[in-house]
Protein chains: 2
Amino acid sequence: MTSLGGASEERGGELATASRIRDAAIARFGRDGFRAGLRTIAADAGVTAGLIVHHFGSKDGLRRACDERVLEFMRREKKKALTDGTGTMLLAQMAQVEQFAPMVLYLLRSMQAGGELAAELIEHMISDAEAYLSAGEAAGVVRPSRDRAARTRYLAYQATGSMLLWFTLHGGDAEPEKFPALFRRYMDELTLPALELFTEGLLVDRSMLDEYLMYVPDPPSAASNAADQDGTAS
Amino acid sequence: MTSLGGASEERGGELATASRIRDAAIARFGRDGFRAGLRTIAADAGVTAGLIVHHFGSKDGLRRACDERVLEFMRREKKKALTDGTGTMLLAQMAQVEQFAPMVLYLLRSMQAGGELAAELIEHMISDAEAYLSAGEAAGVVRPSRDRAARTRYLAYQATGSMLLWFTLHGGDAEPEKFPALFRRYMDELTLPALELFTEGLLVDRSMLDEYLMYVPDPPSAASNAADQDGTAS
DNA sequence: CACCAGATTAAACACTCGTTCAACCGGCCG
DNA sequence: CGGCCGGTTGAACGAGTGTTTAATCTGGTG
């Protein structure tokens, strides 16, 4: 309510119908996945299926609207808590707020299904991690890496992917009520091993790393984000 | 072919029809996901949709048969290369073999969708990691952990989840031809940061870990797999 | 050969899906 | 008042889905 950054919609006394449909779609998609039918969403919003396509053109148009909404929400919320921690913690925080939980669920479904939103999401996660790690490096609490970009991507993928997998397995039902508790359980299980690994590592000696470093010439120059599709090797 | 452990099927000169259907289903499910239609699978196997349900009872029965097949395959293959490395590397190896690639793809789809096979799979991954880490610990190359089970689960979820996410985003098309190359690219991007993190850690000092250890009493006894739903703290 | 059991097929059934269409209703403007 | 126009509805359509059913083909056995 009282959307602070609301640009050009839902200014009326009650929610505009289109926004209501879109929010219902986010909640329903988050709950049931994207195979949820238009009629179900319509019933949730108190309208008819035909009206949805009248407003959004098609089911895909509705999904794009949902994506846009969630993405804008993410951008807005990120600014408020940038210094706080990794993207996973940000998501965990947001999931605690009852109003935001459907968005987080929708995000998880998006990453489960792949697609544009998911790609953009992981890019956000990476840039978050980049900022976080850079700040830590500058402050002297994070070790420098031989390939900063690669490490950033690695950490973001690990954190996001394991969270996604955890919820796919343990939260398949995806009831929005149990959702915050699930998130807390995940963080509880996670925190100690993560901190342990981050401070002490896993291996006692450097032989594996040194071996690898001897094997490959120098990592940081090659293997960036530009378009190299296939490796040279067969 | 020449299934060494084949118990009671496909002993004839050519593939039995049921097996052919099942293999086609594995390939098609891996390629298109589980929303692939029975008629498509039937066409792949050169039969009719009705025959599939005649042999497997229902689409769900077919999926169960596929799950069983893939799981048995995993068990068999795991024995052959247990000492080699983590479950991720095992999957990467198998994906290189053209004949096994469809199974790996099917596995990825399963974890994407959740369900029983996925749960059993991650349990395999965890037990693999357990064996691998225990051996490393005994050999003196892996540091001991304050909570071994939690660390094992953590590492297994991270490795598996990040791989799943990576393929969801970069391999959505899922053509079995480009699949081994994708896997190689994933490993290439991954290896350096992983080794770095495993040998050197991420943080320079122990303050975060010590703070956390001071905050929670003792991790290894509590917080197991039994049913504790909500924490005592508000 | 007769007969039966299983494999296999083509068609039909019941259902859901996204989308389309014609109609209706309520304001707003001329 | 008349007319238009966007919001909204309910019914219909066509293309899918999984499943069922009756019929056909095939091979082995008494």
Side-chain angles (χ1 to χ4, degrees), chain A residues 8-69 106 109-110 112-117, chain B residues 8-68 106 109-110 112-113 115-117:
Chain A
S8 65
E9 52 178 340
E10 56 175 311
R11 85 181 105 227
E14 52 182 336
L15 273 309
T17 313
S19 313
R20 189 157 35 95
I21 292 175
R22 181 186 25 123
D23 291 352
I26 291 176
R28 180 55 66 176
F29 280 148
R31 202 193 265 269
D32 295 354
F34 293 108
R35 42 183 200 158
L38 280 188
R39 287 166 179 85
T40 311
I41 298 170
D44 288 351
V47 296
T48 347
L51 189 60
I52 296 184
V53 352
H54 170 68
H55 277 302
F56 298 94
S58 66
K59 184 181 186 180
D60 218 67
L62 174 63
R63 243 203 92 175
R64 273 193 295 271
C66 292
D67 282 10
E68 206 170 330
R69 164 81 161 160
Y106 182 93
R109 291 281 180 206
S110 278
Q112 215 170 19
E116 216 166 314
L117 210 213
Chain B
S8 65
E9 51 177 341
E10 56 176 312
R11 87 181 101 227
E14 53 180 335
L15 273 308
T17 314
S19 314
R20 188 158 34 97
I21 292 175
R22 189 201 35 189
D23 291 352
I26 291 177
R28 180 54 68 176
F29 280 146
R31 198 192 268 268
D32 296 353
F34 293 108
R35 44 186 196 153
L38 280 187
R39 287 167 178 81
T40 311
I41 298 171
D44 288 350
V47 294
T48 348
L51 189 60
I52 295 184
V53 355
H54 170 67
H55 276 301
F56 298 94
S58 67
K59 184 180 185 178
D60 219 67
L62 174 64
R63 244 203 92 177
R64 272 194 297 271
C66 293
D67 282 12
E68 206 170 330
Y106 183 93
R109 291 281 180 205
S110 277
Q112 213 170 20
E116 218 167 313
L117 210 213

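Numbered from 1 within each chain, the chains take letters A, B, ... in sequence-line order. Owing to the predicted nature of the structure, the values given are computational and were not obtained by experimental measurement. Computed over heavy atoms, backbone and side chain alike; hydrogens, waters and symmetry mates excluded.
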| Starting at CG of B:D60 and ending at P of D:dT19, how long is that distance when rounded to a whole Å? | 8 Å
| query | Is the backbone N or O of A:D23 less than 3.5 Å from a side-chain atom of A:R69, with the two atoms forming a donor-acceptor pair by type? | reply | no
| said: Quick check: closest heavy atoms across A:A24 and A:A45, and the distance to 0.1 Å? | reply: CB-CB, 3.9 Å
| request: Establish, yes or no, whether the cationic atom of B:R63 lies under 6.0 Å from the six-membered ring centre of B:F34 and within 45° of the ring axis. | output: yes
Between the protein and nucleotides 15-18 of chain D, list the N/O to N/O atom pairs that are separated by less than 3.5 angstrom.
unit_1, atom_1, unit_2, atom_2, d
D:dG18, OP1, B:K59, NZ, 2.7
D:dG18, OP2, B:L38, N, 2.8
D:dG18, N7, B:R39, NH1, 3.0
D:dG18, O6, B:R39, NH2, 2.9

| request: Mark yes or no for whether B:R109, through its side chain, and B:G30, through its backbone, hold a donor-acceptor pair below 3.5 Å. | output: yes
| query | If you round to the nearest 0.5 Å, how far is OG of B:S110 from CD1 of B:I26? | reply | 9.5 Å
Pull out every protein N or O sitting under 3.5 Å from an N or O of nucleotides 5-10 of chain D, one pair per line with the distance.
unit_1, atom_1, unit_2, atom_2, d
D:dG7, OP2, A:H54, NE2, 3.3
D:dT8, OP1, A:T17, OG1, 3.1
D:dT8, OP2, A:H55, NE2, 3.3
D:dT9, OP2, A:T48, N, 3.2
D:dT9, OP2, A:T48, OG1, 2.6
D:dT9, O5', A:T48, OG1, 3.0

What nitrogen or oxygen pairs link the protein and nucleotides 25-27 of chain C at under 3.5 Å?
none

| Is there a side-chain contact between A:S58 and A:L62, using heavy atoms and a 4.5 Å cut-off? | no
| field | Any donor-acceptor pair under 3.5 Å from B:Q112 side chain to A:Q112 backbone | value | yes
| Between A:F56 (CZ) and C:dG18 (P), how many Å, whole number? | 15 Å
| query | Hey, mind stepping through B:F56 and B:R22 against side chain to side chain contact (heavy atoms under 4.5 Å, CB included) and telling me if it holds? | reply | CA-CA 9 Å; B:F56 298 94; B:R22 189 201 35 189; 4.2 Å; yes
| Can you find a pair of side-chain heavy atoms, one from A:K59 and one from A:V53, that are under 4.5 Å apart? | no
| Backbone N/O of A:I41 and side chain of A:R28: donor-acceptor pair under 3.5 Å | no
